[in-house]
Novice: 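Take a look at this one; I'll ask things after.
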Amino acid sequence: MSIEIDHVNKHFRDFIAVDNVSLTFREGELTALLGPSGSGKTTLLRIIAGLEQPDTGRIRFHGEDTTELHVSQRGVGFVFQHYALFKHMTVFQNVAYGLTVRPRRTRPGKAEIRDKVMRLLELVQLDWTAHRYPHQLSGGQRQRIALARALAVEPKVLLLDEPFGALDAKVRAELRRWLRRLHDEIHVTSVFVTHDQEEALEVSDRVVVMNKGKVEQDGSPEEVYDNPANPFVYQFLGNVNRFRAGIHAGEARIGDIRLPAPEFHDRRNESGLAYVRPHEIEVYAEAVASDTLPARIELISVVGPTVRLELRTDAADDLVHAELPKHRFHALGLTQGNDAWIRPVQSRVFLPDSQVSNG
Amino acid sequence: MSDKLAKRVGLSSVTVAQAHPRQGPAPLWRRATEEPAWVRVALIGTALTFLALFLMLPLAVVLYSAFERGLGVWYSAITEPDALAAIRLTLLVVAIVVPLNTLFGIAAAWAIAKFEFRGKPILISLIDMPFAISPVVVGLIFVILFGSQGWLGPWLSAYDLRIIFAVPGIVIVIAFGTLPFIARELIPLMQQQGKEEEEASLTLGASGWKTFWHVTLPNIKWGLIYGIILCNARAMGEFGAVAVVSGRIRGETNTMPLHIEVLYNEYMFTAAFAVSSLLTGLALVTIAIKSVVEWQEERRQKLAEA
C-alpha cells in the first residue's frame with residue numbers, strides 16, 4: 001500500500017513542525033525519515049498514523065483519502081521509541097491485544113488468536129517469553145514484542161518512531177539488521193524515523209532528509225550520501241570539512257589543488273566552499289608534490305582500526321578532520337604537534353550563499 | 001595454618017595502627033546513609049511514642065468506652081431508631097458521593113494529564129479549593145445559595161424543592177468537601193504515565209472506550225482505589241459543613257458524626273462512644289480492604305515473576 005502526503009502543514013503555536021511537505025512512499029518500500037531533532041520527522045509520522053491532525057493538506061493510502069479517518073480505523077502499525085507495551089499484560093496479551101479488542105463480529109476465535117500470536121512471537125524469535133511481563137525483558141526484546149504487536153493486526157503500513165533510539169549501540173546495530181531482514185520477508189510499506197544517519201543508510205531502501213519541517217533531499221541511500229543536494233544534507237550525513245575554494249571553468253581550486261566541479265563550467269573566478277569528507281583527504285609526512293597543503297597536526301586519536309587527525313591549515317577556517325587506516329598512519333610516522341601535508345582527492349562545491357545546484 | 005592466621009591477624013592490626021596512629025581503636029566502618037545507633041533509637045522511639053499517644057490510645061479509649069457497660073448496652077445504643085437512621089443516612093450519602101467523585105476525579109485527571117488547554121493551572125488550583133476552605137464556611141456558602149432566604153431560595157420553594165435541612169444539601173456539601181481526593185491522587189499518576197500506551201492501543205484498532213477500560217484503568221487502578229478509600233473515609237466523617245446545612249433533625253438529617261455529637265451533648269457518653277466505635281470500625285474495615293487488595297496484587301506479581 002502506497003502512502004501519499006499531499007502539501008501537509010502542521011504548526012504548534014508559533015513552531016512550524018511540518019512545512020508544506022509532499023512525498024510519496026511506494027508500496028513495499030522501507031523508507032527512512034532522517035533529520036535532526038525538531039526537524040518535523042516525528043510529527044510527519046504521527047500525521048500519517050492519525051495521531052496528529054494536519055492543519056492543511058491530505059494523506060492518502062493507496063489513493064484513498066484517510067485524512068479524516070480516526071487513528072483506530074486507519075490500519076497502521078505504530079512502533080514507539082519507548083516501546084509503549086501494556087505494563088499490566090503479559091507478552092502474549094500484548095501481542096493479542098489488537099485482535100481481542102475487535103468487535104465480536106470480526107474477532108477471530110481463541111485458538112486462531114493463539115496460533116497467530118505464537119507465529120508472530122516466533123517471527124521475532126521470542127516465543128519463549130509469552131507468559132512474561134514487559135518489565136522482565138530487555139529493551140531490545142521489548143521493542144521486538146512491540147513490533148510483533150503492531151504486526152498482529154496486519155497493518156497496511158508500518159510506522160516506526162525512532163525504534164532503536166532507546167537501545168545501546170550494540171543492540172541497535174543488531175536490531176536494525178534484523179529489521180532489514182524482517183522487512184525483506186514481510187514487505188509491508190514501512191516508514192521509520194531516525195536521527196542516526198548510519199541507521200538510515202544501512203537499513204532503508206530510500207532516505208528522506210528533513211530539516212526545519214521541510215524535505216531537503218529524497219533519494220536512495222547511495223544517492224543521498226554520494227550526491228548531497230545541499231550543504232545541510234552534506235553535513236548531516238557524516239563529518240565534513242569545508243575548504244575555501246576558487247571556482248573557475250568547471251574546476252574548484254583549493255590552494256594549488258584542482259578538483260573537478262563540472263556543474264560550475266560556466267562560472268569564472270568565483271569563490272565558494274568545497275566540502276570534503278574525512279576519508280577523502282590524503283595525508284603525507286612530507287611535501288611529496290607541489291599541490292599539497294601544509295598543515296599542522298593538532299590532535300591524533302586512535303579509534304579502533306582507524307586514526308583520526310585534527311589538522312590546522314590555511315585553506316580552511318575550521319580544523320580539518322582526516323581519517324586514515326592505522327597501518328598507514330604508522331608507516332607515515334606522524335606525531336602530534338608536527339607538520340603534515342594534506343590533499344583532498346574529491347570534493348563537492350557549494351556557493352557561499354548555499355545556492356543548491358543539482359550536479 | 002594457625003600461624004598463618006595469626007600472621008594475618010597481626011598484619012591487619014599493624015595496618016590499622018598505622019592508618020590511625022593517633023586515634024586509638026579504629027572507628028567502625030559504616031554506610032554513608034546510616035546513622036549512629038542512638039540516633040536510630042531516638043527517631044524510631046519518637047515515632048512509636050507519637051503513634052501510641054495520638055493513634056493507638058484514642059482508638060483504645062473509643063473501644064473501651066463503647067463496651068464499658070457490656071455488649072447489650074452497646075447493641076441497644078446502635079439499634080436505637082435515631083442511630084439506625086443516622087447510619088442509613090451516612091451510608092446513603094457515601095453511596096451517592098463516592099461514585100460521583102470517582103467519575104469527576106477520573107474525568108478531571110484525564111483532562112489535565114492528557115490534554116493541553118488554556119487555564120489548566122487555574123483548574124488545578126480550583127480542584128484544591130475544598131481543602132483550603134474551612135468546612136463551616138462551605139456550609140454557609142450553600143446556605144446562602146440554597147437557603148430559604150438565599151439567592152435560589154424563592155425559585156426552589158416555588159418548585160417545592162428542599163435542599164438545605166434535607167438530604168440533597170448534605171450530599172452537596174460532602175461531595176464538595178471530598179472532591180479533591182481522587183483527582184489529586186490520579187493527576188500526578190496519569191501525568192507521569194503519559195499517553196503512549198493509549199496511543200498504542202488506538203493504533204491497534206481499539207475504540208476510545210476500550211482503550212480506557214483495558215489500558216488506562218488498569219494503569220491507574222492503585223491510585224484510584226487509594227483515592228476512593230480516602231474519599232470514602234472523609235465522606236463518612238465529614239462534620240463541619242454538614243452541621244451547618246443539615247439542620248440536625250433527629251432521625252432525618254443527622255449523619256453519624258452529628259448523631260454522636262448530639263448524644264455527647266446530652267451526656268449519653270456510652271451511646272456516643274458506641275456509635276463512634278461503629279464509625280471507627282467502618283474506617284478500620286476500609287483500611288483492611290485496602291491492605292488485602294494490595295497484598296493480593298503483590299502476590300500476583302510475585303507469582304508472575306517466578
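Per chain, numbering begins at 1; letters A, B, ... match sequence-line order. All values below come from the heavy atoms of this structure, side chains included, with hydrogens, waters and symmetry mates left out. Please read all numbers here as calculations on a predicted model, not as lab measurements.
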Novice: For residues B/Lys210 and A/Val101, report the shortest heavy-atom separation together with the two atoms involved.
Specialist: NZ-O, 2.7 Å
Novice: Would you indicate whether the side-chain heavy atoms of A/His70 and B/Leu202 approach each other to under 4.5 Å?
Specialist: yes
Novice: Nearest heavy-atom pair of B/Ala200 and A/Ala84: which atoms, and what distance?
Specialist: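 Nearest heavy atoms, B/Ala200 then A/Ala84: CB-O, 3.9 Å.
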Novice: Atom NZ of A/Lys87 and atom CD of B/Glu197: how far apart are they, to the nearest 0.5 Å?
Specialist: 3.5 Å
Novice: Who in residues 109-124 of chain B is close to chain A, using a strict under-4.5 Å heavy-atom cut-off?
Specialist: none
Novice: Would you say CZ of A/Arg206 has more than 12 non-hydrogen atoms from neighbouring residues, nucleotides or ligands within 6.0 angstrom?
Specialist: yes
Novice: Looking at B/Lys195, I want to see if its NZ is surrounded by more than 12 non-hydrogen atoms of other residues, nucleotides or ligands under 6.0 Å.
Specialist: no
Novice: What residues of residues 32-54 of chain A sit under 4.5 Å from chain B when only non-hydrogen atoms are counted?
Specialist: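 The list, in residue order, reads A/Arg46, A/Leu51.
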Novice: Need one label for A/Phe86: side chain, backbone, both or neither, based on atoms under 4.5 Å from any heavy atom in chain B.
Specialist: both
Novice: I need the minimum non-hydrogen distance between A/Tyr97 and B/Val215, along with the two atoms involved.
Specialist: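 Nearest heavy atoms, A/Tyr97 then B/Val215: OH-CG2, 3.5 Å.
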Novice: So for A/Leu85, is it side chain, backbone, both, or neither that comes closer than 4.5 Å to the heavy atoms of chain B?
Specialist: backbone
Novice: Checking heavy atoms, do the side chain of A/Ala146, its backbone, both or neither come under 4.5 Å from chain B?
Specialist: neither
Novice: Which bit of A/Val71 comes within less than 4.5 Å of chain B, counting heavy atoms only: side chain, backbone, both or neither?
Specialist: both
Novice: Under the side-chain contact (heavy atoms from CB on, under 4.5 Å) rule, what do B/Glu199 and A/Phe78 come out as? Steps first, then yes or no, please.
Specialist: CA-CA 9 Å; B/Glu199 287 180 343; A/Phe78 202 98; over 6 Å; no
Novice: Looking at A/Arg102, A/His82, A/Met89, which has the largest count of heavy-atom pairs under 4.5 Å with chain B?
Specialist: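 Top count of heavy-atom pairs under 4.5 Å with chain B: A/His82.
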Novice: Kindly check if the number of other-residue, nucleotide or ligand heavy atoms within 6.0 Å of OH (B/Tyr226) is above 12?
Specialist: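 Counting neighbours around OH of B/Tyr226, 12 or fewer heavy atoms of other residues, nucleotides or ligands fall under 6.0 Å, so no.
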Novice: Quick check on A/His62: does its NE2 atom have over 12 non-hydrogen neighbours (other residues, nucleotides or ligands) under 6.0 Å away?
Specialist: no
